[in-house]
Amino acid sequence: MSNNNTIWWILLIGWMAGSTWWHVCKIKQICDAPLITHAEESSSSGIAITPLHIMDGPALMLTSPGNFTFNKSAAEADLSGVQSEIDSLANYLISNPGRRLNIKGYYASTETNTTSWPDLGIARAENIKSYLAGKGIDPDRLTTSSELTDGLTIHNNRVSGAIDFEFPEQAEVNENSLANAQKFSNIFKPLDLYFPSGSSDYIKTADNEQFLEEARKFLKENKDKKLLLTGHTDNTGTADGNQQLSKERAEEVKSIFVASGITADQLITDAKGQSSPKATNATEAGKAANRRVTIIVQ
């Protein structure tokens, strides 16, 4: 190739490169546009979304291309991207009463904690805990923790993710473990008494005995107040038999309370049989959770 041809080829390539640059950068004006990931393209807010994963071994596997989002320095979560998954999590916890859950909230050093919680991570975890409790999950089964990290995705004052879930190792779930998991805080918090299969004698613990003592004192001082004792069973046996067993359970608890000094007219009994389970009857753990008498102050 002659030197003259070489020069012409160089000029042609230079002209093509210059034309391309002019078209892209000056006409379309996209040279300085930030790199947008596929996750950002899928998010209406423009936040780079880390997909949500919630797992409890093979029993629960929830995934979503969306995730929780928060305003920067705020604790209240936007659940719109994970509504289905968080509700499925609530249903899983209801069906598996022996499972406990830790909710971890994350926060960045560039955020300001304006909540009453020790840090913004705990505040965010407590917000999710409150939501799950509102779905019927016993708050005692939900713990919260937090972690400071500067690895959060923050875009346009919006934080993506910032919540993780962890299930502790599975412990054996039966009527004894469920009874021991009931912790007394005050008599206005409903309490469940648990029963062995086919039995009308509830499992006594230090906490439900403390409830009985505090209820006795309260009712003695408040004659207009009553305790509602509602008996339940699992679905083992016949519906009629279970209806009778739930009645016997409620009446047995009533007799123990009367013996402790509570007047009979301050104790109301009801029997639901197998009709109002709090957990699935498809597992032994669920059946154990359904063999109960629920106590509520009225």
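Residues Phe211 and Ile187 form a side-chain contact, since some pair of their non-hydrogen atoms from C-beta on lies under 4.5 Å apart. Using a 4.5 Å heavy-atom cutoff, the side chains of Ile295 and Phe257 are in contact. Between Leu193 and Glu252, every side-chain heavy-atom pair lies at or beyond the 4.5 Å cut-off. In this structure, Asp87 and Lys135 have side chains that are in contact, with non-hydrogen atoms separated by less than 4.5 Å. Residues Phe195 and Asp234 have side chains not in contact (no heavy-atom distance under 4.5 Å, counting atoms from C-beta outward). Using a 4.5 Å cut-off on side-chain heavy atoms (C-beta onward), Asn71 and Arg158 make contact. Residues Val297 and Leu227 form a side-chain contact, since some pair of their non-hydrogen atoms from C-beta on lies under 4.5 Å apart. Using a 4.5 Å cut-off on side-chain heavy atoms (C-beta onward), Arg292 and Leu178 make no contact.
A donor and an acceptor atom, one from each side chain of Ser160 and Asn67, are nowhere located under 3.5 Å apart. Checking Asp240 against Thr238 by side-chain atom types alone, no donor-acceptor pair falls below 3.5 Å. Neither side chain, Asn113 nor Tyr107, offers a donor N or O lying under 3.5 Å from an acceptor on the other. Judged purely by distance below 3.5 Å, without hydrogens or angles, the side chains of Asn102 and Thr143 pair a donor atom with an acceptor atom.
Shown here for Phe70 and Glu76, the closest heavy-atom pair between the two residues is CD2-O, 3.5 Å. The heavy-atom pair separating Gly105 from Ala125 by the smallest distance is N-CB, 3.8 Å.
No more than 12 heavy atoms of other residues, nucleotides or ligands shown are found within 6.0 angstrom of NZ on Lys247. Taking a 6.0 Å sphere around CD of Glu209, one finds it holds more than 12 heavy atoms contributed by other residues, nucleotides or ligands. Heavy-atom contacts from other residues, nucleotides or ligands closer than 6.0 Å to NZ of Lys272 number 12 or fewer. Annotation for Lys225: atom NZ does not count as buried by contact number, only 12 or fewer foreign heavy atoms lying within 6.0 Å.
Here Phe218 and Phe188 bring their ring centres to under 6.0 angstrom of each other.
The pair Asp140-Lys189 meets the salt-bridge criterion, since a charged nitrogen lies less than 4.0 angstrom from a carboxylate oxygen. Salt-bridge annotation for Glu147 and Lys104: present, with a side-chain N of the basic residue lying under 4.0 Å from a carboxylate O of the acidic one.
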Inset, instruction - Go through Lys183 and Asp207 one step at a time and tell me if the side chain to side chain contact (heavy atoms under 4.5 Å, CB included) criterion holds. - result: CA-CA 6 Å; Lys183 299 303 180 184; Asp207 282 272; 3.8 Å; yes
Inset, instruction - Please test Ile256 against Tyr202 for side chain to side chain contact (heavy atoms under 4.5 Å, CB included), starting from the C-alpha separation and ending with a verdict. - result: CA-CA 10 Å; Ile256 292 173; Tyr202 73 87; 3.6 Å; yes
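One hydrophobic cluster, built from ILVMFWY side chains closer than 4.5 Å, holds both Leu79 and Ile137.
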